[in-house]
**Q** 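Structure incoming, see below.
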Amino acid sequence: MKPCLASLTVLLVGAILCGCSTPDSRIKDHQAAFAALSPEDQGRIRGGKIDVGYTPEMVLMALGDPDRKYTRTTAKGTAEVWAYRDKGPRLAIGVGVGGGSGHVGGGVGVATGGGDQRDDKVRVIFDNGRVSAIERSGR
(Lines give C-alpha, C1' and ligand atoms only; values in the text may rest on other atoms or scores of the structure.)
Protein backbone atom coordinates (compact mmCIF):
# COMPACT_ATOMS: atom_id res chain seq x y z
CA MET A 1 0.00 0.00 0.00
CA LYS A 2 2.80 2.46 0.86
CA PRO A 3 4.60 2.09 -2.53
CA CYS A 4 1.29 2.82 -4.26
CA LEU A 5 0.79 5.97 -2.18
CA ALA A 6 4.34 7.13 -2.92
CA SER A 7 3.83 6.59 -6.65
CA LEU A 8 0.55 8.48 -6.57
CA THR A 9 2.23 11.39 -4.77
CA VAL A 10 5.04 11.55 -7.34
CA LEU A 11 2.52 11.51 -10.20
CA LEU A 12 0.44 14.26 -8.58
CA VAL A 13 3.46 16.52 -8.01
CA GLY A 14 4.62 15.89 -11.58
CA ALA A 15 1.21 16.79 -12.98
CA ILE A 16 1.14 20.01 -10.99
CA LEU A 17 4.62 21.02 -12.12
CA CYS A 18 3.89 20.21 -15.77
CA GLY A 19 0.79 22.36 -15.64
CA CYS A 20 2.77 25.43 -14.60
CA SER A 21 3.16 27.98 -17.33
CA THR A 22 6.49 29.79 -17.68
CA PRO A 23 7.58 32.63 -19.98
CA ASP A 24 9.66 30.12 -21.98
CA SER A 25 6.71 27.77 -22.50
CA ARG A 26 4.45 30.69 -23.45
CA ILE A 27 7.08 32.08 -25.85
CA LYS A 28 7.11 28.72 -27.67
CA ASP A 29 3.38 29.17 -28.27
CA HIS A 30 4.02 32.61 -29.84
CA GLN A 31 7.46 32.02 -31.40
CA ALA A 32 6.93 34.09 -34.58
CA ALA A 33 5.68 37.14 -32.67
CA PHE A 34 8.50 36.81 -30.13
CA ALA A 35 11.17 36.60 -32.85
CA ALA A 36 9.91 39.88 -34.36
CA LEU A 37 10.46 41.80 -31.09
CA SER A 38 13.50 43.89 -30.20
CA PRO A 39 16.18 42.22 -28.05
CA GLU A 40 15.18 44.54 -25.17
CA ASP A 41 11.53 43.46 -25.32
CA GLN A 42 12.55 39.81 -25.66
CA GLY A 43 14.65 40.12 -22.49
CA ARG A 44 11.80 41.76 -20.54
CA ILE A 45 9.32 39.10 -21.62
CA ARG A 46 11.74 36.27 -20.76
CA GLY A 47 12.04 37.87 -17.31
CA GLY A 48 8.26 37.97 -16.88
CA LYS A 49 8.13 41.77 -17.17
CA ILE A 50 5.89 44.03 -19.24
CA ASP A 51 5.92 47.68 -20.28
CA VAL A 52 3.55 50.38 -21.50
CA GLY A 53 2.87 49.95 -25.22
CA TYR A 54 2.91 46.15 -25.16
CA THR A 55 0.24 44.23 -27.07
CA PRO A 56 -2.00 41.63 -25.41
CA GLU A 57 0.10 38.89 -27.05
CA MET A 58 3.28 40.30 -25.47
CA VAL A 59 1.60 40.40 -22.05
CA LEU A 60 0.41 36.81 -22.48
CA MET A 61 3.97 35.70 -23.21
CA ALA A 62 5.35 37.51 -20.16
CA LEU A 63 2.61 36.94 -17.57
CA GLY A 64 0.33 34.24 -18.95
CA ASP A 65 -3.44 34.22 -18.88
CA PRO A 66 -4.96 36.71 -16.44
CA ASP A 67 -6.96 35.47 -13.48
CA ARG A 68 -9.81 37.75 -14.53
CA LYS A 69 -10.65 40.31 -17.21
CA TYR A 70 -13.04 43.23 -16.95
CA THR A 71 -13.70 46.61 -18.51
CA ARG A 72 -13.27 50.02 -16.94
CA THR A 73 -15.17 53.04 -18.23
CA THR A 74 -13.75 56.53 -17.70
CA ALA A 75 -14.23 59.96 -19.26
CA LYS A 76 -11.63 58.92 -21.86
CA GLY A 77 -13.57 55.80 -22.84
CA THR A 78 -13.59 52.09 -22.11
CA ALA A 79 -10.43 50.16 -21.26
CA GLU A 80 -9.89 46.43 -20.82
CA VAL A 81 -8.22 45.38 -17.57
CA TRP A 82 -6.38 42.12 -17.00
CA ALA A 83 -5.89 41.25 -13.33
CA TYR A 84 -3.28 38.85 -11.99
CA ARG A 85 -3.73 37.60 -8.43
CA ASP A 86 -1.08 37.23 -5.81
CA LYS A 87 -0.66 33.47 -5.94
CA GLY A 88 1.38 33.24 -2.78
CA PRO A 89 0.32 30.65 -0.24
CA ARG A 90 -2.69 31.57 1.84
CA LEU A 91 -3.39 29.00 4.50
CA ALA A 92 -5.26 29.25 7.77
CA ILE A 93 -5.48 26.57 10.43
CA GLY A 94 -7.87 26.73 13.36
CA VAL A 95 -8.13 24.47 16.38
CA GLY A 96 -10.97 24.49 18.87
CA VAL A 97 -11.78 22.56 22.02
CA GLY A 98 -14.98 22.76 24.04
CA GLY A 99 -16.61 20.87 26.80
CA GLY A 100 -19.57 20.67 29.09
CA SER A 101 -21.67 18.18 31.05
CA GLY A 102 -18.84 15.69 31.18
CA HIS A 103 -18.20 15.73 27.43
CA VAL A 104 -15.30 17.18 25.53
CA GLY A 105 -15.20 17.94 21.84
CA GLY A 106 -12.63 19.33 19.52
CA GLY A 107 -12.18 20.31 15.95
CA VAL A 108 -9.60 21.35 13.45
CA GLY A 109 -10.19 23.44 10.35
CA VAL A 110 -7.98 24.21 7.39
CA ALA A 111 -8.80 26.85 4.80
CA THR A 112 -7.21 28.47 1.82
CA GLY A 113 -8.14 31.98 0.85
CA GLY A 114 -7.85 34.64 -1.76
CA GLY A 115 -9.65 35.44 -4.93
CA ASP A 116 -11.07 38.91 -4.64
CA GLN A 117 -9.68 42.11 -6.09
CA ARG A 118 -7.63 42.84 -2.97
CA ASP A 119 -5.45 39.90 -4.00
CA ASP A 120 -4.58 41.46 -7.36
CA LYS A 121 -0.82 41.72 -7.64
CA VAL A 122 -0.82 43.37 -11.06
CA ARG A 123 -3.52 45.03 -13.15
CA VAL A 124 -2.74 45.68 -16.82
CA ILE A 125 -4.89 48.32 -18.52
CA PHE A 126 -5.29 48.23 -22.30
CA ASP A 127 -6.45 51.15 -24.44
CA ASN A 128 -6.77 50.62 -28.20
CA GLY A 129 -5.04 47.23 -28.03
CA ARG A 130 -1.93 48.44 -26.16
CA VAL A 131 -0.90 48.57 -22.51
CA SER A 132 -1.61 52.11 -21.31
CA ALA A 133 -1.01 51.57 -17.60
CA ILE A 134 0.31 48.96 -15.18
CA GLU A 135 -0.90 48.97 -11.58
CA ARG A 136 1.04 46.99 -8.97
CA SER A 137 -0.10 46.35 -5.42
CA GLY A 138 2.08 47.51 -2.57
CA ARG A 139 2.00 44.14 -0.82
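Heads up: numbering here begins at 1 and tracks the sequence. The model shown is predicted, which means the values in this text are computed figures rather than measured ones.
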**Q** Can you list everything that forms a side chain to side chain contact (heavy atoms under 4.5 Å, CB included) with A83? Sequence neighbours excluded, please.
**A**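 Applying side chain to side chain contact (heavy atoms under 4.5 Å, CB included) to A83 gives R68, Y70, D120, R123.
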**Q** Holding to side chain to side chain contact (heavy atoms under 4.5 Å, CB included), I want the full list of residues that pass it with T78, two or more places apart in sequence or in another chain.
**A**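 Per chain and number, T78 pairs via side chain to side chain contact (heavy atoms under 4.5 Å, CB included) with T71, T73.
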**Q** What distance separates I50 CD1 from Y84 OH, expressed to the nearest 0.5 Å?
**A**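 It comes to 7.0 Å.
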**Q** What's the shortest heavy-atom distance between P56 and G129, and which atoms?
**A**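 Heavy atoms of P56 and G129 come nearest at CD-O, 3.2 Å.
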**Q** Evaluate the side-chain proximity of V59 to F126: yes if any heavy-atom separation is below 4.5 Å, no if none is.
**A**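 They are in contact (side-chain heavy atoms under 4.5 Å apart), so the answer is yes.
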**Q** To the nearest 0.5 Å, what is the distance between CZ (R44) and CE (M61)?
**A**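 Nearest 0.5 Å value for the CZ-CE distance: 13.0 Å.
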**Q** With the side chain counted from C-beta on, respond yes when Y54 and L37 share a heavy-atom pair under 4.5 Å apart, and no when they do not.
**A**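 When only atoms from C-beta onward are counted, L37 and Y54 do not touch, as no gap falls below 4.5 Å.
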**Q** Which pairs count as salt bridge (Lys or Arg N to Asp or Glu O under 4.0 Å) when at least one residue sits in residues 22-38, sequence neighbours excluded?
**A**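 Matches after skipping sequence neighbours: none remain.
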**Q** Holding to side chain to side chain contact (heavy atoms under 4.5 Å, CB included), I want the full list of residues that pass it with A79, two or more places apart in sequence or in another chain.
**A**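 Testing A79 for side chain to side chain contact (heavy atoms under 4.5 Å, CB included), a comparison that skips the adjacent residues, returns I125, D127.
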**Q** Please round to the nearest 0.5 Å and tell me the distance separating atom CZ of R85 and atom NZ of K121.
**A**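 Between atom CZ of R85 and atom NZ of K121 there are 11.5 Å.
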**Q** Could you measure the distance from the CG atom of L60 to the CD1 atom of I27? Nearest 0.5 Å is fine.
**A**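 L60 atom CG to I27 atom CD1 measures 12.0 Å (nearest 0.5 Å).
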**Q** Tell me, do D51 and V131 make a side-chain contact under 4.5 Å, heavy atoms counted?
**A**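 Side-chain contact under 4.5 Å: no.
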**Q** Holding to ring-ring contact (aromatic ring centres under 6.0 Å, His included), I want the full list of residues that pass it with F34, two or more places apart in sequence or in another chain.
**A**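 F34 satisfies ring-ring contact (aromatic ring centres under 6.0 Å, His included) with no other residue.
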**Q** Please enumerate all residues that pass salt bridge (Lys or Arg N to Asp or Glu O under 4.0 Å) together with R72, with sequence neighbours excluded.
**A**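 For R72 the salt bridge (Lys or Arg N to Asp or Glu O under 4.0 Å) partners, ignoring immediate neighbours, are E135.
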